[in-house]
Amino acid sequence: MRLSSKGRYAISAMLHLAAHGGAGPVPLVEVSDCQNISLSYVDQIFARLRSAGLVRGTPGPGGGYRLAREAGAISVLEVMSAVDGPRRGKAGQSELEAVIWAELAVELEGYLASITLEGLVDRPSVRQALLQQYRAGGWRCDVCGAFSQRQVACG
């Protein structure tokens with residue numbers, strides 16, 4: 001299990017979709033703007049999330065992405081694995097290092113598998129963080145307090 005920047009950004013992007021689940025498809029430009037991630041990087045992340053079956057796209061005007069399953073059925077581990085790929089051993093590790101880190105990785109993966117997007121979005125600290133990181137412009141979301149350029153209200 002790698003804890004990469006891409007994995008962290010993917011979790012933030014998926015939390016954005018989970019928090020705005022009732023608002024219809026979320027455009028990637030909104031995810032980019034609200035999560036402060038470059039649009040090209042968001043596009044790369046969503047290509048992997050789409051390939052893993054975690055998001056569905058809706059083309060055309062008013063289109064965007066939504067979660068492919070309920071937020072309570074998508075774990076943080078699934079999101080990270082979708083963008084980071086399988087775990088690989090590190091070259092040059094001693095046998096002891098390999099055994100210790102393999103056991104720790106199993107524990108960490110079990111913990112991350114137990115955390116769902118819904119569980120994270122429902123945490124007051126996460127709600128507050130979502131509210132604080134958004135930029136002004138457009139309408140204010142009733143779900144998380146975010147400002148958006150979309151003409152739809154979260155519900």
Side-chain angles (χ1 to χ4, degrees), residues 1-60 63-135 141 143-144 146 148 150 154:
M1 168 60 36
R2 294 182 329 198
L3 300 174
S4 70
S5 295
K6 190 172 278 189
R8 290 193 314 268
Y9 286 140
I11 291 166
S12 294
M14 291 291 279
L15 285 174
H16 186 87
L17 295 186
H20 295 83
V26 177
L28 290 186
V29 69
E30 179 183 319
V31 174
S32 171
D33 187 45
C34 291
Q35 298 304 321
N36 200 22
I37 308 168
S38 80
L39 184 56
S40 62
Y41 205 42
V42 169
D43 193 43
Q44 291 174 33
I45 289 168
F46 272 80
R48 291 184 183 195
L49 294 171
R50 187 177 52 249
S51 293
L54 296 177
V55 296
R56 286 181 303 177
T58 303
Y65 284 88
R66 64 179 70 215
L67 299 177
R69 301 191 312 260
E70 295 293 321
I74 299 175
S75 73
V76 168
L77 179 63
E78 283 183 276
V79 175
M80 293 177 68
S81 297
V83 296
D84 288 334
R87 180 172 38 125
R88 294 186 292 264
K90 188 176 179 184
Q93 277 186 323
S94 70
E95 285 296 314
L96 178 60
E97 269 186 307
V99 168
I100 290 170
W101 289 109
E103 288 182 15
L104 287 173
V106 167
E107 293 290 323
L108 179 59
E109 287 174 3
Y111 176 67
L112 294 175
S114 73
I115 302 170
T116 66
L117 296 178
E118 180 180 61
L120 278 177
V121 168
D122 287 344
R123 293 180 182 183
S125 59
V126 172
R127 286 278 184 191
Q128 186 61 34
L130 281 168
L131 175 61
Q132 290 176 353
Q133 77 180 22
Y134 292 107
R135 299 179 188 168
C141 173
V143 174
C144 68
S148 174
R150 286 190 293 154
C154 296

Can you tell me how far the CG atom of Leu15 sits from the CZ atom of Arg123, to the nearest 0.5 Å?
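Spacing of CG (Leu15) from CZ (Arg123) equals 10.0 Å.
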Roughly how far, to the nearest 0.5 Å, is the CE atom of Met80 from the CZ atom of Arg8?
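One gets 8.5 Å once the value is rounded to the nearest 0.5 Å.
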Determine whether the side chains of Ser51 and Arg48 contain a donor N or O and an acceptor N or O closer than 3.5 Å.
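Per modelled atom types, Ser51 and Arg48 side chains form no pair under 3.5 Å.
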Tell me every residue that passes salt bridge (charged side-chain N to carboxylate O under 4.0 Å, His left out) with Arg69, counting only those two or more places apart in sequence or in another chain.
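Residues passing salt bridge (charged side-chain N to carboxylate O under 4.0 Å, His left out) with Arg69: Glu78.
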Which pair of non-hydrogen atoms, one from [X] and one from [Y], has the smallest distance, and what is that distance?
X: Pro25; Y: Arg66; answer: CD-NH2, 2.8 Å
X: Val76; Y: Ile11; answer: CG1-CD1, 3.4 Å
X: Lys6; Y: Asp84; answer: CB-OD1, 4.1 Å
X: Val83; Y: Gly7; answer: CG2-CA, 3.6 Å
X: Gln35; Y: Ser12; answer: OE1-CB, 3.7 Å

I'd like to check Asp43 versus Leu39 (side-chain heavy atoms, cut-off strictly below 4.5 Å). Are they in contact?
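The answer is no, as the side chains (C-beta and beyond) never meet within the 4.5 Å cut-off.
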Any Met14 side-chain heavy atom under 4.5 Å of Val55 side chain
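Yes. Closest side-chain heavy atoms under 4.5 Å.
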In a table with atom names and distances, give each donor-acceptor pair under 3.5 Å that connects a side chain of residues 113-121 to protein atoms at least two apart or in another chain.
from   : atom 1 : to     : atom 2 : distance (Å)
Ser114 : OG     : Tyr111 : O      : 2.6
Thr116 : OG1    : Gly119 : N      : 3.0

Listing request: all ring pair (Phe, Tyr, Trp, His ring centres under 6.0 Å) pairs with a residue in residues 36-59, at least two apart in sequence or in separate chains.
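Only Tyr9-Tyr41, Phe46-Tyr65 qualify under ring pair (Phe, Tyr, Trp, His ring centres under 6.0 Å).
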Under 3.5 Å donor-acceptor, Ser32 side chain and Leu28 backbone
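Pair absent, no side-chain N/O of Ser32 close to backbone of Leu28.
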Is a side-chain donor or acceptor of Glu30 paired with a backbone partner of Pro27 at a separation under 3.5 angstrom?
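Answer holds: no.
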